[in-house]
Amino acid sequence: MATAVVVSAAALPAAPSPSPVRYTPRRAALRDVPQLHAALLKSGELTTSPESFHSFLEATALPSSATTAAHLAYAIRLLRLGPHPPLSARSYNILIRAFFRAGHPEDALHLFVEMLGAAIAANVCPDQHTIANTVKSCARIYALATGRSVQAYAVKLGFMADQFVLNSLIHMYASCGDIVAAKVLFNAVEEKGVVTWNAMIAGYFKNGDWKEVVEMFKGILEVQAPFDEVTLVSVATACGKIGDSKLGERIGDYAEEKGMVRNRNLATALVDMYAKCGQLDKARRLFDRMHSRDVVAWSAMISGYTQADRCREALAIFNKMQATEVNPNDVTMVSVLSACAVLGALETGKWAHSYIRRKALPLTVVLGTALVDFYAKCGCIEDAVKAFESMPMRNSWTWTALIKGMASNGRGREALELFSSMREANIEPTDVTFIGVLLACSHSCLVEEGRRHFDSMTQDYGIHPSIEHYGCMVDLLGRAGLIDEAHRFIRNMPIEPNAVVWRALLSACTVHKNVEIGEEALKQITPLDPNHSGNYILLSNTYASVGQWKDAAMIRKEMNERGIKKIPGCSLIELDGTIFEFFAEDSDHPQSREIYEKVDEMIENIKMAGYVPNTADARLDVDESEKQVSVSHHSEKLAIAFGLMKSRPGATIRLSKNLRVCVDCHAATKLISKVYNREIVVRDRNRFHHFKDGLCSCNDYW
DNA sequence: ATAGGGTTAG
């Protein structure tokens with residue numbers, strides 16, 4: 001009896017509340033271990049009773065949150081140096097399991113090898129427990145070849161009928177990507193238990209085959225095979241990934257009904273599933289009802305908001321998390337940075353970066369890429385480069401993020417140089433990389449390079465252009481003024497052009513005042529995307545730019561008749577870590593009056609520097625002076641005025657807006673940067689504008 | 001004694 005050994009159960013610290021599923025051994029605080037050891041030595045039990053020895057080993061080595069490297073070191077010294085009873089498989093098994101659970105699968109494998117040596121010397125033979133635990137370690141480090149040789153032992157020793165051995169092997173093969181080997185074993189198991197099914201499902205899960213996870217579960221239901229919480233965790237998560245909200249919801253309801261949502265992992269999986277199926281508020285209600293939330297639960301909720309483009313709420317919930325005992329990890333910070341990137345929340349994101357450094361969170365490829373992307377999307381391209389260079393590992397996503405960042409910050413040449421370096425580093429570009437490359441060309445008017453890369457994409461890399469690539473090309477040609485060529489390009493596309501492609505052409509027509517093709521473009525867009533206000537506004541502005549006021553007014557009238565509302569312009573500005581949101585003609589802000597006064601002052605000042613209001617993009621139903629007032633209340637100007645009021649002199653003003661910068665705001669902002677001696681960085685829908693000393697980084701080409 | 005589970009980037 002194991003209990004007979006331990007000096008006194010009362011001498012041991014109470015175990016934390018045991019999880020309902022897993023076996024939780026008695027544990028000893030490190031300072032109690034020698035005492036326990038001494039007592040066992042003194043009574044002689046340590047050497048005479050194998051049961052006592054094993055029990056002591058378990059108490060010392062089996063990990064809990066309190067287990068340290070010192071515990072493991074103590075146990076391994078005891079095993080190697082003794083004194084102890086003649087060693088058995090059991091002693092090795094305890095340590096193999098301990099090292100595995102403590103996150104040292106390699107050491108577990110070393111112990112297995114050591115055990116095989118001992119097998120020769122002292123007649124210690126691996127048993128089914130040894131095999132199962134060793135196989136688990138192989139799975140953890142993706143040691144497929146090693147796993148196969150362990151299976152050879154299992155065959156040789158006749159353990160292949162053991163459920164535990166079989167299940168661990170199925171799991172090992174599946175998680176190492178050898179799904180065929182896993183399936184062969186799975187099919188060979190006659191009595192499939194719930195764990196057998198789960199191991200196979202987990203295999204498909206690990207390989208990202210969400211559809212097959214769902215299919216297997218449907219198979220389970222069909223043959224009425226057993227399933228449990230663990231099954232549902234995988235299946236619910238898979239439902240989220242493929243957007244199967246019907247099955248997801250059934251699982252959610254079932255879990256509620258059976259009280260399974262008390263299982264934290266399952267509740268977390270359901271939160272994730274609801275969020276990914278677009279039921280964010282349902283996800284939140286479940287999250288709020290959870291009894292305890294660990295870092296994964298918090299991260300799931302935060303990423304749910306980020307992925308649903310509700311980034312301010314993502315940051316709000318991150319703030320709540322910080323008031324708890326749970327510490328964010330690298331995964332949490334990925335979502336946080338991604339939210340900051342979307343919002344252009346530079347201060348908050350910088351804080352996140354410093355947190356990562358302070359806590360020495362592992363700079364994984366994903367986290368590093370999120371950092372690069374964040375800095376690039378906040379217009380801090382130098383910091384993006386620094387983050388890129390500080391990463392120990394980069395992949396194609398990382399390079400792509402920086403290339404796109406360079407492109408949208410108007411540094412096309414550098415983006416193309418980066419692309420060359422990427423190739424020299426032997427990182428395979430993807431379809432998205434080429435979108436970055438083509439954007440770089442179009443934002444910097446590099447027409448020849450763009451054509452070359454577009455052709456090379458298919459010829460040299462076998463990547464077939466998607467509609468987005470075609471859109472970039474139309475944009476590139478159109479912006480460069482090659483409107484006819486762009487139009488021909490669309491007509492020769494092998495796939496149906498969509499509204500985005502035609503809109504790129506239309507927008508080029510607006511810039512280059514081409515009424516004829518602009519009309520054609522709108523005609524093509526209307527059936528594809530009838531309710532997008534931008535289309536009408538672009539053509540109306542094209543008419544206005546060549547003085548066809550009647551036609552311009554007619555288009556606006558048509559818009560009104562069809563009940564199409566202009567998307568309100570919206571600008572975000574972050575000051576001292578708080579994000580302020582402005583709409584055109586906004587009067588919601590408590591300091592509205594001061595802000596409008598500041599706008600008037602700003603306009604007067606830049607007029608003295610030569611500003612002439614450009615009302616081509618203004619509403620048409622009012623007279624000229626009203627038009628001037630209306631453009632002066634564009635959301636950008638309100639946000640800039642607020643920024644001037646609230647930041648110290650000379651500080652850079654950064655804002656991000658939902659539409660593209662209008663001609664008037666662009667001209668005004670250039671002058672504001674000069675008159676107020678401020679750098680102003682504006683992120684619009686498409687790209688960045690860095691205003692300084694009366695000039696813009698886009699060279700007025702956007 | 002033993003097997004299976006949730007969150008992340010372009």
Side-chain angles (χ1 to χ4, degrees), chain A residues 2 21-25 54-55 57-58 62 89-90 93-94 96-97 100 127-136 139 159 162-172 174-175 193-203 205-206 227-238 240 263-273 275-276 293-304 306-307 328-338 341 364-374 376-377 394-405 429-433 435-436:
Chain A
V21 195
R22 220 180 272 287
Y23 159 77
T24 342
H54 295 147
S55 185
L57 261 191
E58 276 195 348
L62 268 180
R90 178 81 204 274
N93 293 345
I94 291 168
I96 288 175
R97 195 150 51 95
F100 171 77
D127 63 10
Q128 65 273 34
H129 303 280
T130 322
I131 301 295
N133 279 299
T134 306
V135 166
K136 276 207 299 184
F159 295 137
D162 185 88
Q163 283 284 314
F164 294 88
V165 169
L166 280 168
N167 291 338
S168 63
L169 280 169
I170 291 170
H171 177 243
M172 185 275 296
S175 61
V194 59
V195 178
T196 316
W197 285 97
N198 289 349
M200 198 61 223
I201 286 186
F205 189 98
K206 282 233 168 77
F227 67 89
D228 64 3
E229 279 118 319
V230 178
T231 327
L232 296 184
V233 168
S234 297
V235 181
T237 310
N263 178 316
R264 191 167 60 188
N265 285 358
L266 182 53
T268 303
L270 289 171
V271 165
D272 176 58
M273 182 274 295
K276 288 202 168 67
R293 302 171 196 90
D294 63 0
V295 61
V296 181
W298 282 101
S299 303
M301 197 64 240
I302 295 170
S303 86
T306 304
Q307 286 168 8
N329 66 9
D330 54 322
V331 179
T332 324
M333 298 316 282
V334 169
S335 295
V336 169
L337 281 169
S338 161
T364 60
V365 178
V366 178
L367 181 56
T369 304
L371 257 180
V372 170
D373 184 52
F374 155 73
K377 286 203 176 132
R394 308 175 190 107
N395 65 11
S396 133
W397 288 54
T398 322
W399 285 88
T400 302
L402 192 58
I403 289 172
K404 284 182 99 169
T430 66
D431 52 338
V432 186
T433 314
I435 289 179

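Note on naming: letters A, B, ... go to the chains in the order of the sequence lines (proteins, then strands), and numbering restarts at 1 for each one.
The side chain of A:V366 approaches B:dA9 more closely than any other nucleotide in the set B:dA9, B:dG6, B:dT7. For A:V365, whose side chain is taken as the heavy atoms from C-beta onward, the closest listed nucleotide among B:dG5, B:dA9, B:dT7 is B:dA9. Nearest nucleotide to the A:F164 side chain, out of B:dT8, B:dG5, B:dT2: B:dT2. Closest to the side chain of A:N265, out of B:dA1, B:dT7, B:dG5, is B:dG5. Picking from B:dG10, B:dG5, B:dA1 the nucleotide with the shortest atom distance to the side chain of A:R97 gives B:dA1. In this structure, of B:dT8, B:dA1, B:dG10, it is B:dG10 that holds the atom nearest to the side chain of A:K377. Ranking B:dG6, B:dG10, B:dT8 by closeness to the A:F205 side chain, first place goes to B:dG6. Closest to the side chain of A:Q307, out of B:dG5, B:dT8, B:dA1, is B:dT8. Set against B:dG5, B:dA9, B:dG10, the side chain of A:V334 has B:dA9 as its closest nucleotide.
Residue-level contact check: A:S338 touches neither bases nor backbone, having no heavy atom under 4.0 Å from any strand. Residue-level contact check: A:T306 touches neither bases nor backbone, having no heavy atom under 4.0 Å from any strand. A:V165 comes within 4.0 angstrom of nothing in the nucleic acid, heavy atoms only. Heavy atoms of A:T196 sit nowhere under 4.0 angstrom from any nucleic acid atom.
Side-chain N/O atoms of A:T237 include none lying less than 4.0 angstrom from OP1 or OP2 on B:dG6. Contact annotation: A:Q128 side-chain N/O to B:dA1 OP1/OP2 distance is not under 4.0 Å. Side-chain N/O atoms of A:K276 include none lying less than 4.0 angstrom from OP1 or OP2 on B:dG6.
Panel note: side chain A:D272, backbone A:A275; no donor-acceptor pair is recorded below 3.5 Å.
When the P atom of B:dT7 is taken as reference, atom NZ of A:K206 falls 11 Å away, rounded to whole Å. Atom-to-atom, CE of A:M301 to C1' of B:dT8 comes out at 16 Å; the value is rounded to the nearest Å. A:L371 has its CG atom 13 Å from the P atom of B:dG10, to the nearest Å. One interatomic measurement links the two molecules: CG of A:D272 to P of B:dG6, which rounds to 10 Å at whole-angstrom precision.
Proximity of A:H171 to A:K206: side-chain heavy atoms (C-beta onward) are separated by under 4.5 Å at one or more points. Counting heavy atoms from C-beta outward, A:K404 and A:V432 have side chains that approach closer than 4.5 Å.
Between the base of B:dA1 and the side chain of A:N93 there is a donor-acceptor pair shorter than 3.5 Å. At a cut-off of 3.5 angstrom, counting only N and O atoms as typed in the model, there is no donor on one side facing an acceptor on the other between the side-chain of A:S234 and the base of B:dG6.
Note that OG of A:S168 and CG of A:N133 are 8.0 Å apart. Values are rounded to the nearest 0.5 Å.
For A:D294, the salt bridge (charged side-chain N to carboxylate O under 4.0 Å, His left out) partners at least two apart in sequence or on another chain are A:R264. Taking A:R90 as the reference, A:E58 meet the salt bridge (charged side-chain N to carboxylate O under 4.0 Å, His left out) condition, with sequence neighbours excluded.
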